[in-house]
Novice: 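Have a look at this one before I ask anything.
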Amino acid sequence: MSLKLYNTRTRTVEPFTPLESNHVRMYVCGLTPSAEAHLGHARSFLFFDVLRRYLQHLGYRVTYVRNVTDIDDRSIARARETGESYSAIMRRHYDSFAASMRRLGVDPPDVEPRATAYIEPIVEMVDELVARDFAYTTDDGVYFTVKKFPRYGALSHRNVDELLAGARIAVDEHKHDALDFALWKFAKPGEPAWESPWGAGRPGWHIECSAMARAILGEPFDIHGGGFDLVFPHHENEIAQSESLMPAPPMANVWMHGGLLMFDGKKMSKSLGNFEPLSALLDRHDPRAIRLLFLGTGYRKPMNFTEDSITGATAALDRLRRAYEKLGADAGDPAVLTAYEGRFFDALSDDLNTAGALGVLFEAVADPRVRGPQAVAFFDTAQHLFGIAGAFAPAAPALRIFDDAFVARLAAALGDAVHLNGHTPEAAIATVIEARNAARAGRDFARADRLRKALAELRIVLTDNKDGTTSWTFEE
RNA sequence: GGCGACAUAGCCAAGUGGUAAGGCAGAGCUCUGCAAAAGCUCCAUCCCCAGUUCGAAUCUGGGUGUCGCCUCCA
């Protein structure tokens, strides 16, 4: 089955055909790092990461642009409150976000433009809009005239008259019309500012994406994405700006939007502040479990996050990993494997149905006929696409357990059963395991169980393997 | 107030006309000194009502509920 993707603009799943035969160009609206990133951001960027991996798997060259909005009103306000500069605030949160993305195995985009590095193209674009009479200047900025763009509302399927009738649009005396939006904001005293033909100031939020997409990818391009909350007004405004200047719209062929992540039944958002920083969450959970959790739900669906759901995903990940390790070199049934592969890739091609594909993967691991090198190759591909192969972050809980007092705590738990003076934590555990195995060999099971219990108190769980060896793991 | 999305087992969730994938949790059994893993078995008729159809979780209409957007937001 060839790839089909859901397009917000048409509200249908459509066959995907890139503008250039073998090259996909996509632009995804990235983060405004005026605050710590949260798990909702991770969900969104994770989805586009998997989309890129699948496009590459299908043989396309992908140029993936994801911007960073490194200037905004919120960071300026924060700077005024705290004394830290707005750029330092942005930098700090961006660094934390980038580190979290690395831990999550989300590959960096090919180009990650910052708005403040593209002031010139932004000013140029605003200039063109003013010159062609799509925009006007007031005493506090330059605004886009929404009335001059007849298709306004086509993406979000809104009617301009109904929008105007809505009670919640704030009346702003600076603007000619309530729907008009800022392209350029004049700086108040003390605010960061760049020169422009109309006066010193900073770009409005929407124009940067239009300008950077045009400068880096050229227009039109294939896929424009972001979270569902960006459909209106952000992406609607981008379309209005960009397509007003284009001889042959559209700006982008396919508009894709990821479903929002809820916490406690409510959307995570900066204004609600109802979230835990992503970096803190990653200290407590295996990032691959987080990926598995997200991939288990359709990307367009709203999703509620709970601690229990990550616990479940962690268990599922463990099972998948153990099953993978057992695929081994035994001969399997190639026809059976091929059938699973077909269903797996059909699911992914159907608007990236990762949840369906995951179901196929679990069915396949449970099937004894799926064995051997071909099966291993299939699982390698699947794990790569989902980004759950190997370990790409340190196991934080493990690091916390091995503190200086570890051996002392273990000795206390053991009583006088085993002497551990001067041992490293690893050596201490190995010594206890040896003692337990000696006890087992002597049929002294009571002593063996006491030793197991002592380790268990420190959350170290022993597993007796079939070959007679004993291994240990941390219990989360 | 306007617009939109969603509603499947204890929890998560796929499936959009042909008789309910999968995961987590749980129960029983096999294996096991114990424990874990593994294997086998069991566990829903798809929010409610009406309609279309030989046949509907899937289509239509009407309810109810939850959430989102309309304001910075992935």
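These numbers were taken from a predicted model, which means no experiment stands behind them. Just so it is clear: chains get the letters A, B, ... in the order the sequence lines come, proteins before strands, and each one is counted from 1.
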Novice: From the list B:C34, B:C70, B:A38, which nucleotide is the closest neighbour of the side chain of A:Asp464?
Specialist: B:C34
Novice: If you check the A:Met262 side chain, which of B:G68, B:A74, B:A7 turns out closest?
Specialist: B:G68
Novice: Which is it for A:Asp351 and A:Lys4 under the salt bridge (Lys or Arg N to Asp or Glu O under 4.0 Å) test, yes or no, and what are the steps along the way?
Specialist: CA-CA 5 Å; A:Asp351 193 33; A:Lys4 289 187 287 192; over 6 Å; no
Novice: Can you list everything that forms a ring pair (Phe, Tyr, Trp, His ring centres under 6.0 Å) with A:His384? Sequence neighbours excluded, please.
Specialist: none
Novice: Which letter, B, S or -, goes with each nucleotide of nucleotides 23-32 of chain B from 5' to 3', with contact meaning a protein heavy atom under 4.0 Å?
Specialist: SS--------
Novice: Write out the stems for RNA chain B, ordered by first number and formatted as range with range, counting runs of at least 3 consecutive Watson-Crick or G-U wobble pairs under 3.5 Å.
Specialist: B:1-7 with B:64-70, B:10-12 with B:22-24, B:26-30 with B:38-42, B:47-51 with B:59-63
Novice: According to the salt bridge (Lys or Arg N to Asp or Glu O under 4.0 Å) rule, which pairs have a member within residues 439-448 of chain A, sequence neighbours left out?
Specialist: A:Arg440-A:Asp464
Novice: Just checking A:His157: base, sugar-phosphate only, or nothing, at a heavy-atom cut-off of under 4.0 Å?
Specialist: sugar-phosphate
Novice: Which of these nucleotides, B:C34, B:A13, B:A74, is closest to any side-chain atom of A:Ala355?
Specialist: B:A13
Novice: Check every atom of B:G33, B:C34, B:A14 against the side chain of A:Arg452 and return the nucleotide holding the closest atom.
Specialist: B:C34
Novice: Could you check whether the side chain of A:Arg436 and the base of B:G33 have a donor-acceptor pair of N or O atoms closer than 3.5 Å, going by distance alone?
Specialist: yes
Novice: Reckon A:Leu230 touches a base, only the sugar-phosphate, or nothing at all at heavy-atom distances under 4.0 Å?
Specialist: sugar-phosphate
Novice: When you check the phosphate oxygens OP1 and OP2 of B:C12, does a side-chain N or O of A:Asn304 lie under 4.0 Å from one of them?
Specialist: no
Novice: Who are the side chain to side chain contact (heavy atoms under 4.5 Å, CB included) partners of A:Ala357, not counting sequence neighbours?
Specialist: A:Phe344, A:Ala347, A:Leu348, A:Phe386
Novice: Examine the base of B:C3 for any acceptor or donor lying under 3.5 Å from a partner atom in the side chain of A:Arg158, and report the outcome as yes or no.
Specialist: no
Novice: Can you name the ring pair (Phe, Tyr, Trp, His ring centres under 6.0 Å) partners of A:His93, sequence neighbours left out?
Specialist: none
Novice: Can you list, by residue number, the residues of residues 73-82 of chain A that have a non-hydrogen atom closer than 4.0 angstrom to RNA chain B?
Specialist: A:Arg74
Novice: Under 4.0 angstrom, heavy atoms only, what part of the nucleic acid is A:Leu261 near: base, sugar-phosphate, or nothing?
Specialist: base
Novice: Looking at B:A74, does its base get a donor-acceptor pair with the side chain of A:Arg43 below 3.5 Å?
Specialist: no
Novice: Does the base of B:G33 carry an N or O that pairs as donor and acceptor with the side chain of A:Asp449 under 3.5 Å?
Specialist: yes
Novice: Output all residues satisfying side chain to side chain donor-acceptor pair (under 3.5 Å) with A:Glu14, sequence neighbours left out; order by chain, then residue number.
Specialist: A:Asn7, A:Thr10
Novice: Partners of A:His257 by ring pair (Phe, Tyr, Trp, His ring centres under 6.0 Å), sequence neighbours excluded?
Specialist: A:Phe228, A:His235
Novice: Remember a base hit wins even if backbone is also touched, and classify A:Phe232 as base, sugar-phosphate or nothing at under 4.0 Å, heavy atoms.
Specialist: sugar-phosphate
Novice: Starting at the 5' end of RNA chain B and moving along, which residue's nearest nucleotide shows up first, A:Ser309 or A:Gly227?
Specialist: A:Ser309
Novice: Among residues at least two apart in sequence or on other chains, which ones pass side chain to side chain contact (heavy atoms under 4.5 Å, CB included) with A:Thr138?
Specialist: A:Tyr136, A:Asp140, A:Tyr143, A:His174
Novice: Please write out each protein N/O paired with an N/O of nucleotides 57-60 of chain B under 3.5 Å, distance rounded to 0.1 Å.
Specialist:
none

Novice: Assign each of A:Pro233 and A:Asp350 to its nearest nucleotide of RNA chain B by heavy atoms, then name whichever residue's nucleotide is nearer the 5' end.
Specialist: A:Asp350
Novice: Restricting to salt bridge (charged side-chain N to carboxylate O under 4.0 Å, His left out), what partner residues turn up for A:Glu84, sequence neighbours left out?
Specialist: A:Arg92
